[in-house]
There are 2 protein chains.
Amino acid sequence: MGIRAQQKERTRRALLDAAFNQLSAERSISNLSLREVAREAGIAPTSFYRHFKDMEELGLTMVDEGGLTLRQLMRKGRQRAEEGGSVIRASIETFMEFIDSNPNVFRLLLRERSGTSAAFRAAVTREIRHFIDELSDYLQAKTGRRPDLAYAQSEALVTLVFSSGAEALDLNKKERQALAERLIVQLKMIAKGSEALQRSGREPELENLPK
Amino acid sequence: MGIRAQQKERTRRALLDAAFNQLSAERSISNLSLREVAREAGIAPTSFYRHFKDMEELGLTMVDEGGLTLRQLMRKGRQRAEEGGSVIRASIETFMEFIDSNPNVFRLLLRERSGTSAAFRAAVTREIRHFIDELSDYLQAKTGRRPDLAYAQSEALVTLVFSSGAEALDLNKKERQALAERLIVQLKMIAKGSEALQRSGREPELENLPK
DNA sequence: TCTTTGAGCGTACATCTGTGCGCTATTTTG
DNA sequence: CAAAATAGCGCACAGATGTACGCTCAAAGA
């Protein structure tokens, strides 16, 4: 790669880093300003356009990166659990560690999932879907769950874990503990219920899985 | 009430209505502008301060109103189901009708739940908690569920329904149908699982999660 | 009746925003 | 080595925003 392209890449990275860095509990993508991001990245506002067409384009890149980070982490967590122990438990732990060490990345996904940009919402939804799919495959392979049930179950699991993560952000250690215990109970409910439905045969047929 | 107070109330209402009116899929509370709201309400920007200290105060009022609306609706839905039919099914239907006819109020709650203002987040969380509590009481009374299980179950139900509602916003009729069917399956899982846990009698053991 | 109150207005200002334009300096290309 | 491409810059501008200040004038209160 040429010297030119290298430098450009470095600046692009600086922009992304600056943007990530400005995220916080009280600051979301939608109220980052191009000028401020450029300032922190050490370039002139107008130079921003050499790298992104828009703040929206910058944001989409951030969503993609954040989603990728989380997904890779979770995959690792699942592998780690592969040898011994419950996968679900390991996944929760991994997820909670992620939230704890990258709260702003998590907030990013959380917020843009219901944000004002359709493109962002779609991007986050896509990330979460990857997520559900991987867990669903895993459940099918590991517990022989019927595909439709596996998907519904995975979706419910992910939804609850995600939601708990969101709530955890504003809680102290002790409250988090109570939240985590409740979450475990809820996931257990789903596991038991799914098992029961699977056993009860093919009564509830679910054909319409999303593509 | 004096003529003066009446007029003041009317203007205040106009501000709130204008604000609600400007909410949409691509516009959230945090990017409403004081000036624009005042404009639509038909008053000068500076007159805004006669009614609210802040846009934040306006927003909090909106969250409270929105939460109240939803809660009243759900209570009615539950009553309606009281005579005949599953409560859960009736609640879902009521909820989905709400989303369909007040999408922006729902979006308001959805967004501010993870928004950039701690006060907003707390307000929405409080609304949802009311919600869970009412459902939990109902489940205890109706199915004799143990309090802790009833709460965990209610929380899970509300989380899943809320989340489905959020997803439904971006879907067409057919996709919504599939989503609703999946949601029913998930709620069934929880119901069955909760029942099983109640039967098994003891405190939930963390070690028994399926692999 | 006279006085006090306060909702609403218009003006004004400082601040911030995104972005168009043209220039420079350096790398890349031919 | 000359020419083309381009990352980055400074300047400039138009528009929007929140809000301070002081006024008016109708209602409320004495």
Checking all strands, does [X] fall into the base, sugar-phosphate, or nothing category for heavy-atom contacts under 4.0 angstrom?
| X | result |
| --- | --- |
| B/E9 | nothing |
| A/T46 | base |
| A/F48 | nothing |

Presence of [X] side-chain N/O under 4.0 Å of [N] phosphate oxygens OP1/OP2:
| X | N | result |
| --- | --- | --- |
| B/R39 | D/dT17 | yes |
| A/S47 | D/dA7 | no |
| B/Q7 | C/dG8 | yes |

Nearest-Å distance, [atom1] ([X]) to [atom2] ([N])?
| X | N | atom1 | atom2 | result |
| --- | --- | --- | --- | --- |
| A/E56 | C/dT17 | CD | C1' | 17 Å |
| A/K8 | D/dA5 | NZ | P | 15 Å |
| A/M1 | D/dT6 | CE | P | 16 Å |
| A/R35 | D/dG8 | CZ | P | 17 Å |
| B/K53 | D/dG18 | NZ | C1' | 13 Å |
| A/H51 | C/dG18 | NE2 | C1' | 17 Å |
| A/E36 | C/dT15 | CD | P | 16 Å |
| B/N31 | D/dT17 | CG | P | 11 Å |

Salt bridge check: are [X] and [Y] linked by an N-O gap of less than 4.0 Å?
| X | Y | result |
| --- | --- | --- |
| A/R75 | A/E134 | yes |
| B/R13 | B/D17 | yes |
| A/R182 | B/E155 | yes |
| A/R111 | A/E26 | no |

Next item on the list: Output yes when a side-chain donor or acceptor of B/R113 lies under 3.5 Å from a complementary backbone atom of B/R121, and no otherwise.
Entry: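 Absent.
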Checklist line | Position toward the 5' end of DNA chain D (nearest nucleotide), B/P45 or A/G42 | finding: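 Looking at DNA chain D, the more 5' nearest nucleotide goes with A/G42.
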Margin query: Pick the closest DNA chain D nucleotide for B/R50 and for B/D54 by heavy atoms, then say which residue is nearer the 5' end.
Written below: B/D54
Check: Side chain of A/R4, base of C/dT29: donor and acceptor closer than 3.5 Å?
Finding: no
Next item on the list: Taking only the side-chain heavy atoms of A/S33 (C-beta and beyond), determine which of C/dG18, D/dT19, C/dC9 contains the nearest atom.
Entry: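 Output: C/dG18.
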